[in-house]
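Notes follow once the structure below has been shown.
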Amino acid sequence: MNAVIETHQLHKHFGNIRAINGLDLQVGQGEIYGLLGPNGSGKTTLIRLITGLLHPTDGRIIVLGQPMPHKGVLAQIGYMTQASALYEDLTIRENVAFFAAMCGGVSRQRVNEVIALVDLTDRANSLVRTLSGGMKQRASLACALVHSPRLLLLDEPTVGVDPQLRATFWAYFRRLADEGTTLIISSHAMDEAERCDRLGFIRRGKLLAEGTAVSLRQQSNTPTIEAAFLHFATMEQTENPSQGEANA
Ligand SMILES: Nc1ncnc2c1ncn2[C@@H]1O[C@H](COP(=O)(O)OP(=O)(O)O)[C@@H](O)[C@H]1O
Ligand SMILES: [Mg+2]
């Protein structure tokens, strides 16, 4: 596999909370990798470690062939945070142009292109604070995409998004992956899992299981992804009963 992300025995502790606890991950170019786990399982921490914004307690992270943190690689990453990172008192176009300026080398035409891609051209001059939740999500995605990143990290991008917009988002994601962009998409909504090329179940900072949605259901002999997750979680709990719920 042509790995875009590799982590080796990654650990991130906050005091006695083991947010990431010995995690090995490999994601290949052009893959849509779904990071699936409940609240508090370590999804956001893992994504922030991959960007280099957080430093690991132990272990290694290599992104696009470079150990992180790495300034050159950071410029190749698009990151859509879980909470909106938009400036409420700027317009959509100003927000996207600001992200573009921070990355450098992005044309004005590209700014307009990503605004069109997320279908906000007719609202480009509206202040962000006047937008609906779904419009804000689309504007955030435009900011994450504007510099044509090779790796896109999307932290729960479809939370609070209506079904129609969600389908639109997934169509963008698939198109980007077909063009060679690598995507990590975190979610606690198990119903989105089927749309990913590969899934990692994360719980208590560990990968419980990995594979396609079909193979995870087959391996666990369960009918749904939710049931498969519970199966692997129960197995892990049986193998490591000492870890208890303190770190759930
Ligand atoms: N900056 C921080 N300081 C202390 N604890 C943190 C910090 N960030 C995350 N945690 C803890 O790490 C665990 C994983 O959190 P997080 O990565 O946000 O999970 P998720 O994104 O899956 O909901 C949680 O127990 C959370 O409280
Ligand atoms: Mg999170």
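Being a predicted model, the structure only gives us computed values, none of them experimental.
For the side chain to side chain contact (heavy atoms under 4.5 Å, CB included) with Arg93, the lone residue among Leu90, Val96, Thr91 that qualifies is Thr91. The only member of Thr181, Leu151, Leu183, Val27 that meets side chain to side chain contact (heavy atoms under 4.5 Å, CB included) when paired with Val4 is Leu151. Considering Asn125, Thr121, Leu131 in turn, Leu131 is the only one that fulfils the side chain to side chain contact (heavy atoms under 4.5 Å, CB included) rule with Ile92.
No hydrogens or angles considered: nothing links the side chains of Asp58 and Gln9 as a donor-acceptor pair under 3.5 Å. Between the side chains of Tyr33 and Glu210, at least one donor N or O sits under 3.5 Å from an acceptor N or O. Between the side chains of Gln82 and Thr44, at least one donor N or O lies within less than 3.5 Å of an accepting N or O. When only modelled atom types and interatomic distance are considered, Asp155 and Thr81 share no side-chain donor-acceptor pair under 3.5 Å. In the model, Arg204 has no side-chain atom that pairs as donor or acceptor with a side-chain atom of Asn21 under 3.5 Å.
Distance check, rounded to the nearest 0.5 Å: CD of Gln218 to OG of Ser215 gives 7.0 Å. Separation of atoms CG (Leu36) and CZ (Arg203) is listed at 13.5 Å; rounding is to 0.5 Å. Atom NE2 of His231 and atom OG1 of Thr224 lie 12.0 Å apart (nearest 0.5 Å). Remark: Leu35 CG to Arg198 CZ distance equals 11.5 Å, nearest 0.5 Å.
The closest donor-acceptor contact from the side chain of Thr7 to the backbone of Ile61 lies at 3.5 Å or more, if one exists at all. Judged by distance alone, with hydrogens and angles left aside, the side-chain atoms of Glu31 form a donor-acceptor pair with the main-chain N or O of Gly28 at under 3.5 Å. His13 places no side-chain N or O within donor-acceptor distance of the main-chain N or O of Asn16, the cut-off being under 3.5 Å. Using a distance-only test at 3.5 Å, with no hydrogens or angles considered, no donor-acceptor pair links the side chain of His55 to the main chain of Pro69. Using a distance-only test at 3.5 Å, with no hydrogens or angles considered, a donor-acceptor pair links the side chain of Thr234 to the main chain of Leu230.
Around the CZ atom of Arg150, the shell of radius 6.0 Å holds no more than 12 heavy atoms that belong to other residues, nucleotides or ligands. Tyr87 OH: 12 or fewer foreign heavy atoms inside a 6.0 Å radius. Residue Asp178 places its CG atom among more than 12 non-hydrogen atoms of other residues, nucleotides or ligands, all under 6.0 Å distant.
Checked for salt-bridge contact, Arg174 and Asp197 meet the test: a charged N lies under 4.0 Å from a carboxylate O. For Glu156 and Lys43, the salt-bridge test passes: some basic side-chain N is under 4.0 Å from an acidic carboxylate O. A salt bridge links Arg217 with Glu194: at least one charged nitrogen is closer than 4.0 Å to a carboxylate oxygen.
Across all their heavy atoms, Leu49 and Leu54 have their closest contact at CD2-O, 3.6 Å. For the pair Ile47 and Ser186, the tightest heavy-atom approach, listed with the atom from each and the gap, is CD1-CB, 4.0 Å. Nearest heavy-atom pair across Phe229 and Pro38 is CZ-CD, 3.5 Å.
Ring pair Phe169/Tyr172 is tilted by interplanar angle, where 30° to 60° counts as tilted.
Every pair passing side chain to side chain donor-acceptor pair (under 3.5 Å) that includes a residue from residues 131-140 is listed here, sequence neighbours excluded: Glu88-Lys136.
Residues Glu192 and Ser187 meet the side-chain proximity criterion, which asks for heavy atoms closer than 4.5 Å. Inter-residue side-chain proximity for Leu152 and Leu176 is flagged as met; some heavy-atom pair is nearer than 4.5 Å. Gln26 is not listed as a side-chain neighbour of Ile5, based on a closest heavy-atom distance of 4.5 Å or more.
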